[in-house]
Number of protein chains: 2
Amino acid sequence: MQLSNSSQYAIRILAYMTDKKDSPLINATELAETLFIPYKFLTKIMTDLVKVDLVESIRGREGGFKLKKKSSDIMVGDILDVFNDSIKDEQCVLGIGFCNGLCKCALHDQWMEPKLLLQKMFRESSLEDIAGRGCKI
Amino acid sequence: MQLSNSSQYAIRILAYMTDKKDSPLINATELAETLFIPYKFLTKIMTDLVKVDLVESIRGREGGFKLKKKSSDIMVGDILDVFNDSIKDEQCVLGIGFCNGLCKCALHDQWMEPKLLLQKMFRESSLEDIAGRGCKI
DNA sequence: TGTTAATTCTACCTTTAAGTAGTAATTAAA
DNA sequence: TTTAATTACTACTTAAAGGTAGAATTAACA
Ligand code: SF4
Ligand code: SF4
C-alpha cells in the first residue's frame with residue numbers, strides 16, 4: 001500500500017523544480033545531489049518525464065531540465081500515470097476480481113470511500129499545491 | 001497502491017475457510033484448486049498463517065487446516081500484519097520522510113483522511129464480515 | 001574546430017517478491 | 001506395521017523493481 005520509488009522520486013523532483021522555477025534550467029547533478037536520489041536512476045526517471053512531456057530537456061553543455069507546463073497545470077495524478085501507479089476505477093484493495101456489482105464483499109463499499117478520496121487528491125493536487133512552503137520535500 | 005499477492009491470497013483463503021467453518025478440516029489441495037492459488041505457494045502461506053496462530057494445522061493423513069479463532073475475532077488487519085502490508089500511522093503516501101509535524105506538504109492533511117478510513121476498515125472488518133454471502137471471493 | 005559539460009541510449013547488475021521442486025516429518029487408516 | 005495422505009522444511013528458479021556502468025549524442029564556448 002505505497003507508491004513505487006519511481007513515483008515518489010518523480011514527485012520530489014518535480015516539486016523541487018517547481019520551487020526553483022525562476023532558474024531557467026536545472027541539471028541532473030543538482031537534482032540528484034539535492035534530493036539524494038542516485039544519479040543514474042534519476043536520469044532514467046527524467047527521460048521518462050521528458051517522454052510524456054511533463055519536462056523539457058535541453059541537451060549539451062549548459063543544458064538541463066525545466067517544466068514544460070505551468071506547475072499549477074501538472075497534477076500529482078499525471079505523475080503517477082507515468083509509472084503506472086495511479087488508482088484505477090475498477091481497482092480493488094483486495095485485488096481479487098471474482099466479484100462484480102451484483103456480488104461484492106463487505107469491504108467493497110468501505111473501500112469506495114478512501115479510494116475516491118485518494119483519486120480526488122491525486123487528480124486535484126497540482127505541483128504548485130504541494131511544492132515549497134519553506135520545507136524540503 | 002495495492003496489497004501484495006500474499007495478503008490477497010491469505011484474505012481469500014481465510015474468507016473461504018470462514019464460509020466452510022462447518023467442515024472440520026480443509027486441506028491444502030482443496031484450497032489451491034478452489035481458489036486458483038498455486039499449490040506450493042499456498043502451502044507456504046498456510047505455514048505463515050499457522051505460525052501466527054490464525055490457523056491451526058493437523059498434520060498427517062486426514063489432516064488439514066482450520067481457523068484457530070472465531071471468524072468474527074480475526075480482523076483483516078491481523079492478516080495484513082503477517083505480510084507487512086498494513087498501514088503504519090507514520091506512513092506517508094509519498095513515502096518521503098523529510099517532513100514532520102511542523103513542516104508538511106499540502107497532501108499531508110488530505111492523506112490523513114483516506115489513511116484513517118483504510119486503517120479503520122482493516123482494523124474493524126472481521127472475516128465474518130467479508131466472507132461468503134453466496135459470492136465466491 | 002576541438003574540448004567540455006550536459007542529456008540519452010543500451011545493456012547490465014542487484015534485490016525483493018513470487019512461484020516451484022523435492023524431501024522430510026507426521027499420522028490415520030488399511 | 002506398512003502405506004497413503006497430509007503438512008513442514010530447505011533450497012532453488014523466475015519475474016519485476018530498483019539501481020548502475022559506459023558509451024553515444026548534443027551543443028555551448030574557447
Ligand atoms: S467486492 Fe470486495 S473483493 Fe470484490 S472488488 Fe469489491 S472490495 Fe474487492
Ligand atoms: S508532509 Fe507530505 S510528504 Fe510529508 S508525510 Fe505528509 S504527505 Fe508525506
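Order of the sequence lines sets the chain letters (A, B, ...), proteins ahead of strands, with each chain counted from 1.
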Can you measure from CD (A:Glu30) to CZ (A:Phe65) and round to the nearest 0.5 angstrom? 12.0 Å
Could you state the atom-to-atom distance from CD1 of A:Ile58 to P of D:dC29 in whole Å? 13 Å
Do other residues, nucleotides or ligands put more than 12 heavy atoms under 6.0 Å from A:Glu113 CD? no
Does a side-chain N or O from A:Asn5 land closer than 4.0 Å to OP1 or OP2 of D:dG19, or not? yes
Would you say A:Met75 ends up clustered with A:Leu14 if hydrophobic residues are merged whenever their side chains have heavy atoms under 4.5 Å apart, either directly or through other cluster members? no
Between C:dG19, D:dC29, D:dA5, which nucleotide has the shortest distance from any of its atoms to the side chain of A:Arg61? D:dC29
Should A:Leu118 and B:Leu117 be counted in the same cluster of Ile, Leu, Val, Met, Phe, Trp and Tyr side chains packed under 4.5 Å apart? no
Starting from P on C:dA18, measure out to OH on B:Tyr9 and report it in whole angstrom. 9 Å
Between D:dA5 atom P and B:Glu30 atom CD, what is the distance in whole Å? 16 Å
Using the test side chain to side chain donor-acceptor pair (under 3.5 Å), find all partners of B:Lys68 that sit at least two apart in sequence or belong to another chain. B:Asp53
Taken to the nearest whole Å, CG/A:Leu42 to C1'/C:dT8 is 13 Å
When you measure from the side chain of B:Phe41, which nucleotide among D:dG19, C:dG19, C:dT7 comes out closest? C:dG19
Quiz question: going by heavy-atom distance under 3.5 Å, is there a donor-acceptor pair between the base of D:dG18 and the side chain of A:Lys40? no
Please check the phosphate of D:dA8 (OP1 and OP2 only) for any side-chain N or O of B:Thr47 closer than 4.0 Å. yes
Protein-nucleotide distance (B:Asn27, atom CG; D:dA4, atom C1'), rounded to Å: 14 Å
Take A:Tyr9 and A:Leu35 through the test side chain to side chain contact (heavy atoms under 4.5 Å, CB included) and record every step on the way to the result. CA-CA 8 Å; A:Tyr9 286 155; A:Leu35 301 172; over 6 Å; no
Atom CG of A:Asp48 and atom P of C:dT10: how far apart are they, to the nearest Å? 13 Å
Closer than 4.0 Å, any side-chain N/O of B:Ser57 to the OP1 or OP2 of D:dA8? yes
Among C:dA21, C:dA18, D:dA28, which nucleotide has an atom closest to any side-chain atom of A:Glu62? D:dA28
Closer than 4.0 Å, any side-chain N/O of A:Tyr39 to the OP1 or OP2 of D:dG19? no
Note: for B:Gly64 and A:Leu3 on DNA chain D, the residue whose nearest nucleotide lies more 5' is B:Gly64
Donor-acceptor pair (no angle test) under 3.5 Å: A:Arg59 side chain, D:dT25 base: yes
Determine the contact category for B:Thr29: base if any of its heavy atoms lies under 4.0 Å from a base atom, sugar-phosphate if only primed atoms, P, OP1 or OP2 are that close, otherwise nothing. nothing
Spacing between A:Met46 atom CE and C:dC9 atom P, to the nearest angstrom: 14 Å
With a 4.0 Å cut-off on heavy atoms, is A:Phe83 in touch with a base, just the backbone sugar-phosphate, or nothing at all? nothing
Between D:dA17 atom C1' and B:Gln2 atom CD, what is the distance in whole Å? 15 Å
Is it the case that D:dG18 (base atoms only) and A:Lys44 (side chain only) share a donor and an acceptor within less than 3.5 Å, ignoring hydrogens and angles? no
